[in-house]
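Remarks on the structure that follows.
The chains referred to below are lettered A, B, ... by the order of the sequence lines, with proteins before strands, and numbering in each begins at 1.
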There are 2 protein chains.
Amino acid sequence: MPVLQGPLVDRDAWSAVGECPIEKTMAVAGQKSAMLIMREAYYGTTRFDDFAKRVGITKAATSARLSELVEAGLLTKQPYREPGQRARDEYVLTQAGVDFMPVVWAMFEWGRSHLPNNGRLRLTHVPCGADAHVEIVCDNGHSVPLEELGMRLVPQKRPESG
Amino acid sequence: MPVLQGPLVDRDAWSAVGECPIEKTMAVAGQKSAMLIMREAYYGTTRFDDFAKRVGITKAATSARLSELVEAGLLTKQPYREPGQRARDEYVLTQAGVDFMPVVWAMFEWGRSHLPNNGRLRLTHVPCGADAHVEIVCDNGHSVPLEELGMRLVPQKRPESG
DNA sequence: CAGTATCCATAAAGATACTG
DNA sequence: CAGTATCTTTATGGATACTG
């Protein structure tokens, strides 16, 4: 029953391309502290010390993680200056960072529903008030159950002349 | 422009609950090798040595990761016996494991579109042939852009008697 | 094929102190 | 507030050898 099998996914597609996007993603943002920093960034945190405090890691770890995430393009450093203070930087999500959030919310949803906790925290679609969840959807608007999900290697892009 | 802000998410909801599902999820399945094992499991791999070979980790790491994932309920060990061979175990996805796949595919999609690679690998909705991607969707069927996503703390569940 | 055990290198994180 | 630097502990993983 829980066994998924079959050739929906072309196994060789990975090796054909050589490198797996999942592996690369884990390499740039796959640490627990990185994930929690992304959560905080989405949440509106921008200051170094706030990240350290809210994620619960040391400044050294905060520094390392923040630098890596900026380097990877998920966050960007923006200068700001409070009245009477020196200029500082704040860390804000880039578009790539925003695009990363489905990863974070997928983890949230899985943990919420499959790990012991009171489950009272819910993702919500603010305008309509309904609960929200992470789904796989196709370009024709279908919700894609895992059994119908495949992987393909698209042909090299070419100019439309020929 | 890339700055997300505002109180869409009740910041204190995390602390009110005490523990973050994202953090817990990272704790049980947040290692790169665990993520890749999940990819392989979805992909149809069930044998110990195949996991080791395809994920590219040692048997020791495979053993540790597989045990943790079974312990966490993402995989289950099923006995099988090939003709003339002794009984062995194979590792297959449980329902919780299947439910975890959006995390994996969200990483795939992010890496595919935001990290340097040829981007030729695509998730596909097999029945209709269209490309698929990970989205946040609400129970009313709306696609939820990140700006409309919130978090709430639902009241304790009670019997419907009163 | 399906593991377990051991030893070693590396990397990540906590504690703490210091700088502007 | 916003970091950097250092030191130590722990976690992770590779290499390798051994068992059923």
Side-chain angles (χ1 to χ4, degrees), chain A residues 19-20 22-41 44-72 74-92, chain B residues 19-20 22-41 44-72 74-92:
Chain A
E19 288 168 61
C20 169
I22 301 166
E23 185 169 359
K24 291 189 190 172
T25 299
M26 283 300 289
V28 304
Q31 286 180 247
K32 189 162 100 172
S33 47
M35 211 61 73
L36 296 180
I37 281 179
M38 291 305 293
R39 175 199 75 188
E40 284 304 321
T45 299
T46 62
R47 308 296 176 79
F48 185 94
D49 273 24
D50 289 337
F51 280 113
K53 183 175 42 177
R54 292 179 182 159
V55 172
I57 55 178
T58 62
K59 290 182 171 196
T62 305
S63 180
R65 227 52 58 225
L66 246 21
S67 302
E68 290 159 14
L69 290 171
V70 167
E71 167 78 13
L74 290 152
L75 298 177
T76 188
K77 254 166 134 160
Q78 291 192 343
Y80 74 97
R81 181 191 294 268
E82 287 188 352
Q85 302 283 310
R86 72 167 171 88
R88 296 175 189 286
D89 286 316
E90 58 183 1
Y91 298 86
V92 299
Chain B
E19 287 167 62
C20 170
I22 301 166
E23 185 168 359
K24 291 189 194 173
T25 299
M26 283 301 289
V28 305
Q31 286 181 248
K32 189 162 98 171
S33 46
M35 212 61 75
L36 296 181
I37 282 179
M38 291 305 291
R39 176 200 74 187
E40 284 304 323
T45 299
T46 62
R47 307 294 176 81
F48 185 94
D49 273 25
D50 289 337
F51 280 114
K53 184 175 43 178
R54 293 178 180 158
V55 172
I57 56 178
T58 62
K59 290 181 173 196
T62 305
S63 178
R65 228 51 60 218
L66 248 19
S67 301
E68 290 159 14
L69 290 171
V70 166
E71 168 78 14
L74 290 152
L75 299 178
T76 186
K77 255 165 133 160
Q78 291 192 344
Y80 75 97
R81 181 192 294 266
E82 288 187 350
Q85 302 284 311
R86 70 167 172 89
R88 297 175 189 285
D89 286 316
E90 58 182 2
Y91 298 86
V92 299

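Atom pair B:Arg54:CZ and C:dA2:C1' shows a separation of 15 Å (rounding to whole Å applied). Look at CZ on A:Phe51: it is 14 Å from C1' on D:dG3, rounded to the nearest Å. Atom CG of A:Asp89 is separated from atom C1' of D:dG3 by 11 Å (rounded to the nearest Å). Atoms NZ (B:Lys32) and C1' (D:dT12) sit 12 Å apart, rounded to a whole Å. Whole-Å rounding puts the B:Met35 CE to D:dG13 C1' distance at 17 Å. In this structure, the CG atom of B:Leu75 is 16 Å from the C1' atom of C:dA2, given to the nearest Å. Rounding to whole angstrom units, CD1 of residue B:Ile57 and C1' of C:dT10 are separated by 17 Å. Between the NZ atom of A:Lys53 and the P atom of D:dG3 there is a distance of 15 Å, rounded to whole Å.
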Residue pair B:Glu68, B:Arg65: steps toward the side chain to side chain contact (heavy atoms under 4.5 Å, CB included) verdict: CA-CA 5 Å; B:Glu68 290 159 14; B:Arg65 228 51 60 218; 2.8 Å; yes
Chi angles and distances behind the side chain to side chain contact (heavy atoms under 4.5 Å, CB included) call for B:Asp49, B:Lys59: CA-CA 7 Å; B:Asp49 273 25; B:Lys59 290 181 173 196; 3.8 Å; yes
Criterion side chain to side chain contact (heavy atoms under 4.5 Å, CB included) on A:Val55 and A:Thr62, from CA distance to verdict: CA-CA 9 Å; A:Val55 172; A:Thr62 305; over 6 Å; no
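Counting only heavy atoms from C-beta on, B:Lys59 has its side chain closest to C:dA2 among D:dT4, C:dA15, C:dA2. Comparing C:dA13, C:dG14, D:dG13 by their closest approach to the side chain of A:Arg65 singles out C:dA13. Across D:dA5, D:dA2, D:dA15, the shortest atom-to-atom separation from the side chain of A:Ala60 is found for D:dA5. Which of C:dG3, D:dA2, C:dA12 sits closest to the side chain of B:Lys77 comes down to C:dG3. For A:Asp49, counting side-chain heavy atoms from C-beta on, the closest listed nucleotide (C:dA15, D:dA2, C:dA12) is D:dA2. Among D:dT12, D:dA2, C:dG14, the nucleotide with an atom closest to any side-chain atom of A:Thr58 is C:dG14.
Residue B:Tyr91 places at least one side-chain N or O closer than 4.0 Å to OP1 or OP2 of C:dG3. Residue A:Ser63 places none of its side-chain N or O atoms closer than 4.0 Å to OP1 or OP2 of D:dG3. Contact annotation: B:Gln31 does not reach the phosphate of D:dA11 (side-chain N/O to OP1 or OP2, under 4.0 Å). When the side-chain nitrogen and oxygen atoms of B:Ser33 are compared with OP1 and OP2 of D:dG13, one or more of them lie within a distance under 4.0 Å.
Of the inter-residue distances, the one linking A:Arg39 atom CZ with A:Arg54 atom CZ reads 10.0 Å to the nearest 0.5 angstrom. Here the straight-line distance linking atom CD of A:Glu40 with atom CG of A:Leu75 works out to 12.0 Å at 0.5 Å rounding.
In this entry C:dC8 has D:dG13 as its Watson-Crick or G-U wobble partner, both defining distances falling under 3.5 Å. For D:dG20, the paired nucleotide is C:dC1, the pair qualifying as Watson-Crick or G-U wobble because both relevant distances are below 3.5 Å.
Under the 30°/60° scheme for interplanar angles, the aromatic rings of B:Phe51 and B:Tyr91 are found to stand perpendicular.
Within 4.0 Å of A:Ala64, counting heavy atoms only, lies no atom of the nucleic acid at all.
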